[in-house]
2 protein chains.
Amino acid sequence: MAVQTRATLHDVARLAGVSAKTVSRVYSQRDLVAPDTVERVMSAAKRLRFRPNLLAQSLRRGGGATTVGFIMGELLNPFYYTVAAGIERELALHGFALIVATTDDSVEGEARVADTLLSQRVGALLMIPVGEDQSYLEGERQLGTPVIAIDRPARDLVADSVVLANRAGAYEATRALISRGHRRIAYICNPASVYTQVERVTGYRAALASAGIDPDPRWERLLDDPASSPESVVRDLMVQPSVPTAIIAGNNRVCIGAVRATLEMPAPPALIGFDDFETADVLGISVVGHDPMEMGRRAARLAVERMRDPIGFTTQLELPTRLIARGSGERAPALSESSR
Amino acid sequence: MAVQTRATLHDVARLAGVSAKTVSRVYSQRDLVAPDTVERVMSAAKRLRFRPNLLAQSLRRGGGATTVGFIMGELLNPFYYTVAAGIERELALHGFALIVATTDDSVEGEARVADTLLSQRVGALLMIPVGEDQSYLEGERQLGTPVIAIDRPARDLVADSVVLANRAGAYEATRALISRGHRRIAYICNPASVYTQVERVTGYRAALASAGIDPDPRWERLLDDPASSPESVVRDLMVQPSVPTAIIAGNNRVCIGAVRATLEMPAPPALIGFDDFETADVLGISVVGHDPMEMGRRAARLAVERMRDPIGFTTQLELPTRLIARGSGERAPALSESSR
DNA sequence: TTGAAAGCGTTACCAT
DNA sequence: ATGGTAACGCTTTCAA
């Protein structure tokens, strides 16, 4: 039960009666070693339970990194963990380990975990930016650690990025509602002052404008209050003197809140959410869907490319969305509401 | 735009006009260094964008690990990622970074990623065991890497573990159904030959026995077929000559399948799921709930303790479950079905 | 085909 | 209060 010490290259070399370098070669350039030497080394390694130390490997000058860091808001958010899943799979394909770090979507958290990951000497930094400004990473990028921004572009930082076609998605959803006869269409989101929402609101307004509908501030609920529940925001909206006949929920959390709020209504408004979620099909909720897993995969692939080739132009990838009709978004305006 | 080289302790030392060791002290035992020396070192460090290299730190003999590995089935499974969230939070509190690795719930995957993580020299290995046998890790444990099993105990391996009170939870759910008048209670799970399901089925049968109800193989759908959809299993069950009046779904996936299958039925059976899920409250589904995040936290805490104190007895933690009534589990048997 | 020596960035030990 | 030296486990020259 005594805690033994871990075998090193030298221990294996001694037992096999060769030099350390030969053992090293067996693991990296096996074809340069005589077959029977390989055999002897391998059996010595097995006997000593030898396992190469990746830390020591990447410590050498020029020894590439074996890990990649991912800075995410939290592991419980479906969008975040799906992206993480895509990243992990793609990285595993290329032999990199994934270190995840969460920030609780706070700016300080982002800087703090970035620091930790860089001290771990990750080969690349993948992140869903939170703060208004990632310039604090510019120095690190110049020192050779590429940064890949996901979902939102990095600000004041040279970085590759993978984002959604947010405007186009919101535009399409809004147009779909208009084509069903809706004119009073609400857009609800929280938080609102993030890149994705700014883009989506722009798409929403553009679609209204294209149909000759003036945007109405009463139906734009652009919140930035972590405390307010999406459900109550929707309930509040629906007891005003004039109510919308359709709602676009800016993200999955707001959408679930809207579902809760409108489920029991006799004549619920049409509803389209942004981001798909697990039971949306059971509940019959139409959404602007996309593929977060693919976002993660593409981001990871960019990271791998950058690690191999640190110089070169940065890539900005925009992934498409698609409107998934499941019923809630196809409801016509209630008759009593259709007149203005 | 030329890629510079990263500053080291020596670079900082040279610029500050001190020795490398002094710089090192500034970062670890600052009170042993003269205040103005600290000042000079810090400003030199800032100028060179110096950042301590954790890889080099833990390379030294006795230099503790800074990472912990978590082997999970996949990042998209709610149970898994919630556990991961708990682990990540707790580890961050203690200054450890989390490396996640997924196995697709395959035995080979488990061995493969364990190998990778051990090569990364993680300080501890957290895992939700998949295979029937984790003895392949016993050597590593003796070499000083503690293993903590989550949700299922490790087999043939000395390891701490954190599991649920599966039997008690299933017992309670079954008793609750019995007390509502149910006698034909089905138990459905897939896969069935894992520790948790064996335990839960045992609890289910014990509850039946305690009410003098003979277990009936027709209502035990213990599958081990990844291909069969839970939904179709339930549909099939409900078109038999004799149908159950209540269903217990052994895990969240089966439960969601059961919801899909029974949603449209005029007189749906009572339903209790094991594991809570996001929209269970909206759908009114009663479940045997527990706290996966807490499981992760406790497991991480055990890992930290073991890393600090490698010897000592292993701990087996059993966390409680609780029955959450939301309607679906409180339905009485349909009248036409209540006679045998 | 194989080996010796130097170095990667850090800290422990022992001096000063 | 500060510094030199050796060591951590590995790979890369350069030789043999």
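In what follows, every chain begins at residue 1, and chains take the letters A, B, ... in the order their sequences are listed.
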Residue-phosphate contact under 4.0 Å: [X] side-chain N/O, [N] OP1/OP2:
{"X": "B/T37", "N": "D/dT2", "result": "yes"}
{"X": "A/T22", "N": "C/dT2", "result": "no"}
{"X": "B/S24", "N": "C/dT11", "result": "yes"}
{"X": "A/T8", "N": "D/dG9", "result": "no"}
{"X": "A/Q57", "N": "D/dG9", "result": "no"}

Does a salt bridge link [X] with [Y], judged by any charged N lying under 4.0 Å from a carboxylate O?
{"X": "A/E108", "Y": "A/R112", "answer": "no"}
{"X": "A/R6", "Y": "B/E140", "answer": "yes"}
{"X": "B/R301", "Y": "B/E305", "answer": "no"}

Nearest whole Å is fine: how far is [N] [atom2] from [X] [atom1]?
{"X": "B/Q120", "N": "D/dC10", "atom1": "CD", "atom2": "P", "answer": "13 Å"}
{"X": "B/H10", "N": "D/dG3", "atom1": "NE2", "atom2": "P", "answer": "12 Å"}
{"X": "A/L118", "N": "C/dG9", "atom1": "CG", "atom2": "P", "answer": "16 Å"}
{"X": "A/R6", "N": "D/dC10", "atom1": "CZ", "atom2": "C1'", "answer": "15 Å"}
{"X": "A/R30", "N": "C/dT1", "atom1": "CZ", "atom2": "P", "answer": "15 Å"}
{"X": "B/R60", "N": "D/dA7", "atom1": "CZ", "atom2": "C1'", "answer": "10 Å"}
{"X": "A/L59", "N": "D/dT12", "atom1": "CG", "atom2": "P", "answer": "13 Å"}
{"X": "B/E39", "N": "D/dA1", "atom1": "CD", "atom2": "C1'", "answer": "17 Å"}

**Request:** Please work out if B/F50 contacts a base, only the sugar-phosphate, or nothing of the nucleic acid, heavy-atom cut-off 4.0 Å.
**Result:** sugar-phosphate
Check this for me: does the side-chain of [X] come within 3.5 Å of the base of [N] through a donor and an acceptor?
{"X": "B/K21", "N": "C/dA12", "result": "yes"}
{"X": "B/R25", "N": "D/dG3", "result": "yes"}
{"X": "A/R121", "N": "C/dG9", "result": "no"}

**Prompt:** How about B/Y80 and A/Y81: are their ring centroids closer than 6.0 Å?
**Reply:** no
**Item:** B/E39 and B/T37 side chains, donor-acceptor separation under 3.5 Å
**Value:** no
**Request:** Look at the side chain of B/V18 and decide which nucleotide, out of D/dG9, D/dT11, D/dG3, has an atom nearest to it.
**Result:** D/dG3
